[in-house]
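Notes follow once the structure below has been shown.
As the structure lists them, so they are numbered: ligands from 1, and atoms in each ligand from 1. Residue numbers count from 1 along this sequence.
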Amino acid sequence: MKNTVLTFAQAKKEKQKISMLTAYDYSTAKLMNDAGINSILVGDSLGNVMLGYDDTISVTMEDMIHHTKAVARGAKDALVIADMPFMSYQTSVYDALVNAGRLVKEGRANAVKLEGGAEVCPQIQAIVQAGIPVCAHIGLTPQSINVFGGNRVQGKTENAAKKLLESAFAVQEAGAFAVVIEAVPEKLARLITEKLDIVTIGIGAGNGCDGQVLVYQDMLGMFSDFTPKFVKRYANIGELMTAAFRQYDSEVKSSDFPSEEHTYRIDDEVIEKLY
Ligand code: KIV
């Protein structure tokens, strides 16, 4: 059955945890969908893990639409959320509306995600009013890395914690159906989760959130440029891939691949006539 914003609301009510992973292509989305993952986030983290950028700043609307289309084809049951890339919504409510519309209409996302608190509430309100569900994102918001000066834990002082709580209430008030909380101390994320009516999805925010999200290359050991403390490695697929690539390389060079088993045949009579 398709996961929807109603499924999210129901899960919160029934205290059932929500699973979310990032994906950027059809095959991975299909595997996650078939594993029962509730929601797939086409994160702008694709800038790091798919395109090799140092951050998410350079990701474009075209990148997001391209990858969202692929994921949407594989995610029959999972709720597909597409990230709004840097400067696709900060510039104006109008831009936010147009670009959210493109992610849903061209990318076939079920919802969009954008980063920020009170400053993006007019955008959230307008997008929701246009009929597009919005997931907010507070705490460490990677598009503002140049303001933060690095990937740091957020909300540790009284002032910062108060501001985060205010941001959470603001995005809820603006109409967001969920909020991602990134790199925030567990006790603060738990408090926010208890106070909010909408779903909280944690990443580096402890076990008290309504759901969890991870970047799939991180949890599968496929990306080693940097690994945040909050990442749990569920498998070491990166090592398996490297071993398989090495074996292929060596078998091609030794002519062990392709063998009979992977080769098409033709009658000798036919081939002899060509000599
Ligand atoms: O882009 C992304 O993958 C994200 C998650 C880290 C929440 O925003």
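Following chains of ILVMFWY side-chain contacts shorter than 4.5 Å, one can reach Val42 starting from Leu51, so the two form part of one hydrophobic cluster.
Close approach of ligand 1 to Gly43 (heavy-atom distance below 4.0 Å) involves ligand atoms 1 (O), 2 (C), 3 (O). Heavy-atom contacts of Thr22 reach the following atoms of ligand 1: 3 (O) (cutoff under 4.0 Å). Of all atoms in ligand 1, listed by their number and element, those nearer than 4.0 Å to a heavy atom of Ile203 are 6 (C).
Closest heavy-atom approach to atom 1 (O) of ligand 1 among the candidates Pro85, Ala23, Gly204, Ser45: Ser45.
Salt-bridge check for Asp83 with Lys113: passed, with a basic side-chain N closer than 4.0 Å to an acidic carboxylate O. Arg190 and Glu186 are joined by a salt bridge, as a carboxylate oxygen and a charged side-chain nitrogen come within less than 4.0 angstrom of each other. The pair Lys163-Glu158 does not meet the salt-bridge criterion, since no charged nitrogen lies less than 4.0 angstrom from a carboxylate oxygen.
In this structure, Lys113 has a heavy atom closer than 4.0 Å to ligand 1.
The two residues Met20 and Ile37 come nearest to each other via the heavy atoms CA-CG2, 4.1 Å.
Cation-pi geometry between Lys232 and Phe230 is not met at under 6.0 angstrom from the ring centre and within 45 degrees of the axis.
With a heavy-atom cut-off of 4.0 Å, Leu46 does not touch ligand 1 at all. Contact annotation for Asp83 and ligand 1: only side-chain heavy atoms (C-beta onward) come within less than 4.0 Å of the ligand.
At under 3.5 Å, a nitrogen or oxygen of Asp44, whether backbone or side chain, sits near a nitrogen or oxygen of ligand 1. Between Glu182 and ligand 1, a contact under 3.5 Å exists for no N or O pair.
Looking at atom 4 (C) of ligand 1, its nearest protein heavy atom turns out to be Leu41 CD2, 3.6 Å.
Using bins of under 30°, 30° to 60° and over 60° for the plane-to-plane angle, the ring pair His67/Tyr24 lands in the perpendicular bin.
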